[in-house]
*Asks:* 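Structure below; questions to follow.
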Amino acid sequence: MSRYSATEIEAKWQEAWHKAGIFTANHKAGKPKYYVLEMFPYPSGRIHMGHVRNYTMGDVIARHKLATGHNVLHPMGWDAFGMPAENAAMAIGGHPKDWTYGNIADMRGQMKPLGLSIDWSREFATCDPEYYGQQQALFLDMLEAGLVYRKNAVVNWDPVDMTVLANEQVENGRGWRSGALVERRELTQWFFKISDYSEELLDALDTLENWPAKVRLMQENWIGKSRGLQFGFERTDGGAPITVYTTRPDTLLGASFVGISPDHPIAKQLEAENPEVAEFVAECRKGGTTEEAIETAEKLGYDTGIRVKHPLDPNWELPVWIANFILMDYGTGAIFACPAHDQRDLDFCRKYGLPVVDTFFALDDDTPVDKIAFVPPKTEKVRWVNHFAGLTEATGDEAIDATVDFAEKAGWGEGVTKYRLRDWGLSRQRYWGCPIPVVHCDACGVVPEKKENLPVRLPDDVTFDKPGNPLDRHPTWRDCACPNCGAPAKRETDTMDTFVDSSWYFARFTAPRAETPTDLAEAEYWMNVDQYIGGIEHAILHLLYSRFFARAMNITGHLPKKAIEPFDALFTQGMVTHEIYYTTRPGRMSEVEKISEIDSLKEPVRVYQYPEDVERRDDGVFLKSTGEPVKVIPSAKMSKSKKNVVDPVNIISAFGADTARWFVLSDSPPERDVEWTASGAEAAYKHLNRVWNLCDKIGAMDPNATGEGDEALLREMHKTIRDVTLGVESFGFNAAIAKLYAFTNTLAKSKAGAAAQKQAIKTLAQLMSPMTPHLAEDIWAHQGGEGLVAVAPWPVADETMLVDDTVTLPIQINGKRRAEISVAKDLAKDEVEKIALSTEAVQKALDGAAPKKVIVVPGRIVNVVV
RNA sequence: GCGGGCGUGAUGGAAUGGUAGACAUAUCGGACUUAAAAUCCGAAGGCCUUAGUGCCGUGUGGGUUCGAGUCCCACCGCCCGCACCA
């Protein structure tokens, strides 16, 4: 009897696939195309279990499609620009380019042993000049089409390092290296006009039937369509009216003050004139740019002294405050505050002693608002207090409609639709990204680079010894001739957001070596992506940006019209998690402790431990090296800092790729997180061994041997074909694997003849081949299968073998299961009812009376109501 | 603050509104073995001085239904995203 040696067979079959060239995508006549894509990885240097899970899922789909007669496109590339490469250059020296390409080589080497059915001939990295040069061409076309423009926008500014920080580099409002309090600062930046497509991007969500509903909902909320009233507050000092936008105009009588953003033109004017305002506004600009930071910051206000007239009552004056929680980016940057029905406004008014006026009450409760604003759903009916449009009882939605109507008729306001979606700022003040191909000329202004000069390449001779953008301090790279007048000019030193790189890579895969961004004929054939797979963390930005880019590429002639929604089906998979282990040691003294010198105040510090360094014993978990007790916290996303990582490379060398693949698919539904456990991985390995041994055993049978239960085995086989096929086609991988376990158990116990068992094991190999392709090939070959199992036609379930002649029906009495009967599968309803009523349990329950009701669901259940 | 999600045995989870706990892990028992490992076979939601196809059971409380893990409402707990992380 031979032994299952994953290392041996995996290398052997990978070589066989490579030689046969079966994963190279090309147009073969008469076959439908299928494009399956997993979100491409960032080349961090090591693949992790999340990658293994992501790519294995895509591989299952790709291999199944190959076996069902499709031309499959299944490419792989690298999302290779980004901050970590620059951080590495700063931390350990070296060049981002070397770091990145070194990582790509390492990761490719780690990925190939997984045996993925990838067409590696299409591989590219976004940092290849051949890729980013085409991206620059695309940018220029978009610039020409009016899809790109420049405006001011705020960034996180580190006042000590004098550099722009990413949100990730801001920790608790401070710069991660300098520790300085971060400020918001305005810079002139490039923007894509994605907001022009708000309505379309929103409407088209309805066509994405094969996207998860939650992703569509998240995008819908992100685009944030709202209907409201826009109107002006007239100033008592005769200044220009302050225009506000509100989604709750119906609460206008509850107005307490008018608030403007610290970045509002009026605030800026006052800032220039008045040092006190300047000081206040500077205070407001402290902290990061994230919406979360702004929304959760303590509310700050400054009374400008400006007064405005209430539109409904010229004698009613409202103060104008500058408030830090008002965003200049949304609406008009000015609001009216209605504290009774908005918690933020209420907190602000309570803090600054401004009035709180209720404009409506619940139908059965007229308690005035105190600390909690009354914000019922807009669909709930409420009782209005002296509503100006004459409402008494109405829902919020009705009141808003009535108010907009009223204001439009009276001529002081108009109904306006707005979107939360902002234009996409693409400028980054960093080196390791795609250079924005424009030139700044003193005479001509901002001039696009000529296409024949593309790519604008990144210079190699740069240093990372100080903060800031190395392109800015490069002595010669910036110098160039103006493409327009030829005079000496300066290159733009900003590079593009890495989201740009990932917004069109799926289109590039259709013709990765084309001399233009895409080859329209290839794009016409391969687009759209039939199945896209990736993490839920990309539910909003990446997917929204890609949808916008597909439209932009259609407008600029790089994609066909049919590709404006580039992803026909989307699947968002969960993470791979692991328990976290740590030991403790005494921590450093806290400030209190230094004064009081009380030992008990020492905070223990967690020392995280790798899973391979701990062992489980009956009495707990311990460190292998020292025997120290180890604390365990529940499973969380694998992260280097918590050391709860399992390196796929170790798993593959210990058990083989098929085990890793089988396990990541087996235990949890794909959209949910899966916990990596050592015992689970071992169980997967044991199972594959079992299948291997079974193959051996069946192979050794006398081919003419007869036995018992051939038909039962084959019936189970056809049911398994049906269930596994359904599972594979509907992302029910865990359920499919459970069926494969069950069928393996059946086969192992079967006493059927050699022919039936052989047929069963061959089918088992085929059904397993998308998940454990190497083992499947070996079994296939061992059982005399023709050619490669990878391209053998997928088995089809025989309908006549799927239905049993008799079925077991549970009998419920008042919805509780009390008995069961065995009847012929097509027995008439009234016959079933008769048998059910005659059972002892039913007779006992009825006690001579007639049943109130009998429900017979053929083939499923009988329920008797007594 | 705003937005999205999740909650079923000791554990991961299964279940087109129709027998809750498939399949697997851990556990326990047995076979094989000098022994162990490996392998194979089997038990197993909880409760009960009545061991019965008895009662209770899918975070909590209500509702719809002949029938609810599944649908609706409210609450509790946990997780994720928030535009310069990729």
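Sequence lines set the chain letters: A, B, ... in the order given, protein chains first and strands last, and positions in each chain run from 1.
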*Asks:* Closest to the A/Y741 side chain: B/rG18, B/rC23, B/rG13?
*Replies:*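 For A/Y741, the side-chain atoms sit closest to B/rC23.
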*Asks:* With a 4.0 Å cut-off on heavy atoms, is A/A683 in touch with a base, just the backbone sugar-phosphate, or nothing at all?
*Replies:*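 The residue A/A683 makes sugar-phosphate contact but no base contact.
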*Asks:* In whole Å, I'd like the distance from the CZ atom of A/R860 to the P atom of B/rA15.
*Replies:*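 In whole Å, B/rA15 P and A/R860 CZ are 13 Å from each other.
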*Asks:* Would you mind pulling out the nucleotide paired to B/rC85, Watson-Crick or G-U wobble, both distances under 3.5 Å?
*Replies:*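 Per the H-bond distance test, none.
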*Asks:* Contact class for A/G680 (heavy atom, under 4.0 Å): base, sugar-phosphate, or nothing?
*Replies:*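 No contact.
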*Asks:* Any donor-acceptor pair, under 3.5 Å, between the side chain of A/E291 and the base of B/rC82, if you only look at N and O atoms?
*Replies:*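 It does not, because no donor-acceptor pair links the side chain of A/E291 to the base of B/rC82 below 3.5 Å.
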*Asks:* What form does the base of B/rG9 take, syn (within 90° of 0) or anti?
*Replies:*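 Syn conformation for B/rG9.
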*Asks:* Can you check whether A/V854 reaches A/L837 side chain to side chain, under 4.5 Å on heavy atoms?
*Replies:*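 SC-SC contact between A/V854 and A/L837 confirmed.
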*Asks:* May I ask you to evaluate whether A/N734 reaches the phosphate of B/rA24, defined as a side-chain N or O under 4.0 Å from OP1 or OP2?
*Replies:*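 False: A/N734 side-chain N/O out of range (4.0 Å or more) of B/rA24 OP1/OP2.
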*Asks:* Rounding to the closest angstrom, what is the interatomic distance between B/rG69 and B/rG18 at atom C1'?
*Replies:*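 B/rG69 and B/rG18 have their C1' atoms separated by 13 Å.
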*Asks:* Any idea which of B/rC23, B/rG1, B/rU19 is nearest the A/A738 side chain?
*Replies:*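 Closest of the options to the side chain of A/A738: B/rC23.
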*Asks:* If you measure from the P atom in B/rA14 to the same atom in B/rA24, how many Å do you get, rounded?
*Replies:*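 My reading of the P atoms in B/rA14 and B/rA24 gives 15 Å.
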*Asks:* Please confirm whether the ring centroid of A/Y132 lies under 6.0 Å from the ring centroid of A/F81.
*Replies:*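 Yes.
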*Asks:* Taking the C1' atom of each, how far is B/rC76 from B/rU60, in whole Å?
*Replies:*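 These two C1' atoms come out 7 Å apart once rounded.
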*Asks:* Let me know the distance between CE of A/M218 and P of B/rC2, rounded to the nearest Å.
*Replies:*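 Between P of B/rC2 and CE of A/M218: 17 Å.
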*Asks:* Would you say A/S666 reaches B/rA24's phosphate, i.e. side-chain N/O to OP1/OP2 under 4.0 Å?
*Replies:*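 So the side-chain polar atoms of A/S666 never come under 4.0 Å of the phosphate oxygens OP1 or OP2 of B/rA24.
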*Asks:* For B/rC79 versus B/rG9, give the span between their C1' atoms, rounded off to a whole number of Å.
*Replies:*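 These two C1' atoms come out 23 Å apart once rounded.
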*Asks:* Can you figure out which of B/rA83, B/rA86, B/rA24 approaches the side chain of A/M83 most closely?
*Replies:*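 Closest nucleotide to the A/M83 side chain: B/rA86.
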*Asks:* Verify the contact: side-chain N or O of A/K853 to OP1 or OP2 of B/rC66, cut-off strictly under 4.0 Å; return yes or no.
*Replies:*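 So the side-chain polar atoms of A/K853 do come within 4.0 Å of the phosphate oxygens OP1 or OP2 of B/rC66, strictly under.
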*Asks:* Measure from the side chain of A/D667, starting at C-beta and using heavy atoms only, and say which of B/rG12, B/rC66, B/rC84 lies closest.
*Replies:*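 Per side-chain heavy atoms of A/D667, the pick is B/rG12.
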*Asks:* B/rC79 phosphate, OP1 or OP2: any side-chain N/O from A/R672 under 4.0 angstrom?
*Replies:*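 Result: no.
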*Asks:* Between B/rU19, B/rC85, B/rA83, spot the one nearest the side chain of A/L421, thanks.
*Replies:*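 Given the options B/rU19, B/rC85, B/rA83, the side chain of A/L421 is closest to B/rA83.
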*Asks:* Under 6.0 Å between ring centres: does that hold for A/F733 and A/F731?
*Replies:*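 Close enough - the centres of the two rings lie under 6.0 Å apart.
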*Asks:* Determine: side-chain N/O of A/R428 to OP1/OP2 of B/rC84, distance under 4.0 Å, yes or no.
*Replies:*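 Yes, A/R428 has a side-chain N/O under 4.0 Å of OP1/OP2 on B/rC84.
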*Asks:* Using a cut-off of 4.0 Å on non-hydrogen atoms, how would the nucleic acid contact of A/P41 be classed: base, sugar-phosphate, or nothing?
*Replies:*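 No contact.
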*Asks:* Hey, is the side chain of A/Q189 pairing donor to acceptor with the base of B/rC84 inside 3.5 Å?
*Replies:*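 Pair found.
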*Asks:* Do the ring centers of A/F663 and A/Y685 come within less than 6.0 Å of each other?
*Replies:*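 Distance test on ring centres: not under 6.0 Å, no.
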*Asks:* I want to verify a distance call: between B/rA83, B/rG1, B/rC66, whose nearest atom is closest to the A/E292 side chain?
*Replies:*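 The nucleotide sitting nearest to the side chain is B/rG1.
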*Asks:* Between A/E220 and A/K225, does at least one N-O distance fall below 4.0 Å, as a salt bridge requires?
*Replies:*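 Looking at A/E220 and A/K225, the cut-off is not met.
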*Asks:* Write down the distance between CD1 (A/I536) and C1' (B/rG4), rounded to a whole number of angstrom.
*Replies:*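 Spelled out: CD1 on A/I536 to C1' on B/rG4 is 8 Å.
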*Asks:* Classify the nucleic acid contact of A/V865 as base, sugar-phosphate or nothing, counting any heavy atom under 4.0 Å across all strands shown.
*Replies:*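 Result for A/V865 = sugar-phosphate.
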*Asks:* Quick check on RNA chain B: between A/K739 and A/Q343, whose nearest nucleotide comes earlier from the 5' end?
*Replies:*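 Whichever sits nearer the 5' end wins; that is A/Q343.
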*Asks:* Between B/rG12, B/rG1, B/rU25, which one does the side chain of A/S679 approach most closely?
*Replies:*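 Minimum distance to the A/S679 side chain belongs to B/rU25.
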*Asks:* Using atom C1' of each nucleotide, how far apart are B/rA20 and B/rG4 to the nearest Å?
*Replies:*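 The same atom, C1', in both gives a distance of 29 Å.
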*Asks:* Can you tell me how far C1' in B/rC32 sits from the matching atom in B/rC40, rounded to whole Å?
*Replies:*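 These two C1' atoms come out 8 Å apart once rounded.
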*Asks:* Just name whichever nucleotide pairs with B/rG3, Watson-Crick or G-U, keeping both distances under 3.5 Å, else none.
*Replies:*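 For B/rG3, the partner nucleotide comes out as B/rC80, under the 3.5 Å rule.
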*Asks:* Scan A/I855 against the nucleic acid and name what it touches under 4.0 Å (heavy atoms): base, sugar-phosphate only, or nothing.
*Replies:*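 Base, at least one base heavy atom under 4.0 Å.
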*Asks:* Rounded to whole Å, how long is the line connecting atom CG of A/L694 with atom P of B/rU39?
*Replies:*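 To the nearest whole Å, that distance equals 14 Å.
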*Asks:* Identify the nucleotide, in any strand shown, that forms a Watson-Crick or G-U wobble pair with B/rU64, with both distances under 3.5 Å; if there is none, say none.
*Replies:*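 WC or wobble partner does not exist here.
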*Asks:* Roughly how far apart, to the nearest Å, are B/rA15 and B/rG21 at atom P?
*Replies:*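 The same atom, P, in both gives a distance of 13 Å.
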*Asks:* Suppose you measure atom C1' in B/rG57 against the same atom in B/rC47; what distance do you get, rounded to whole Å?
*Replies:*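 Result for the C1' pair: 10 Å, nearest Å.
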*Asks:* Please pick, from B/rA83, B/rC84, B/rA86, the nucleotide with the shortest atom-to-atom distance to any side-chain atom of A/F499.
*Replies:*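 From the listed options, B/rA86 comes nearest.
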*Asks:* Specify whether A/H51 and A/Y55 have parallel, tilted or perpendicular ring planes, treating 30° as the upper limit for parallel and 60° as the lower limit for perpendicular.
*Replies:*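 Rings of A/H51 and A/Y55: parallel, under 30°.
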*Asks:* Rounded to the nearest Å, what distance is computed from the CZ atom of residue A/R216 to the P atom of nucleotide B/rG5?
*Replies:*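 For the pair A/R216 CZ and B/rG5 P, the rounded distance is 12 Å.
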*Asks:* Any idea which of B/rA86, B/rA83, B/rC84 is nearest the A/Y42 side chain?
*Replies:*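 Nearest to the side chain of A/Y42 among the choices is B/rA86.
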*Asks:* Around A/K351, counting heavy atoms of other residues, nucleotides and ligands shown, do more than 12 lie under 6.0 Å from its NZ?
*Replies:*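 It does: A/K351 NZ has more than 12 such atoms within range.
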*Asks:* Could you check which of B/rC23, B/rG5, B/rC85 has an atom nearest any side-chain atom of A/A742?
*Replies:*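 My answer, after comparing the listed nucleotides, is B/rC23.
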*Asks:* Check whether any side-chain N or O of A/K749 sits under 4.0 Å from OP1 or OP2 of B/rG42, and answer yes or no.
*Replies:*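 Yes.
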*Asks:* Hey, can you tell me if A/W662 and A/H687 have their rings parallel, tilted or perpendicular (30° and 60° cut-offs)?
*Replies:*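 Correct class here is parallel.
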*Asks:* What is the distance, to the nearest angstrom, from the NE2 atom on A/H538 to the P atom on B/rG5?
*Replies:*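 After rounding, the gap between these two atoms is 19 Å.
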*Asks:* Can you list the steps and then say if A/D497 with A/R428 is a salt bridge (charged side-chain N to carboxylate O under 4.0 Å, His left out)?
*Replies:* CA-CA 6 Å; A/D497 178 4; A/R428 296 293 181 271; 3.1 Å; yes
*Asks:* With a 3.5 Å limit on both atom pairs, tell me what B/rG57 is paired to, counting Watson-Crick and G-U wobble, or say none.
*Replies:*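 Because no pair has both required distances under 3.5 Å, B/rG57 counts as unpaired.
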*Asks:* Reckon A/N167 has a side-chain N or O less than 4.0 Å from the OP1 or OP2 of B/rC82?
*Replies:*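 Negative; the distance criterion is not met.
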*Asks:* Just the rounded figure in Å: distance from C1' of B/rA24 to CD of A/E682.
*Replies:*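 Interatomic distance, CD of A/E682 to C1' of B/rA24: 14 Å.
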*Asks:* Measure OH/A/Y330 against C1'/B/rG1 and give the value in whole Å, please.
*Replies:*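 My rounded result for the distance is 15 Å.
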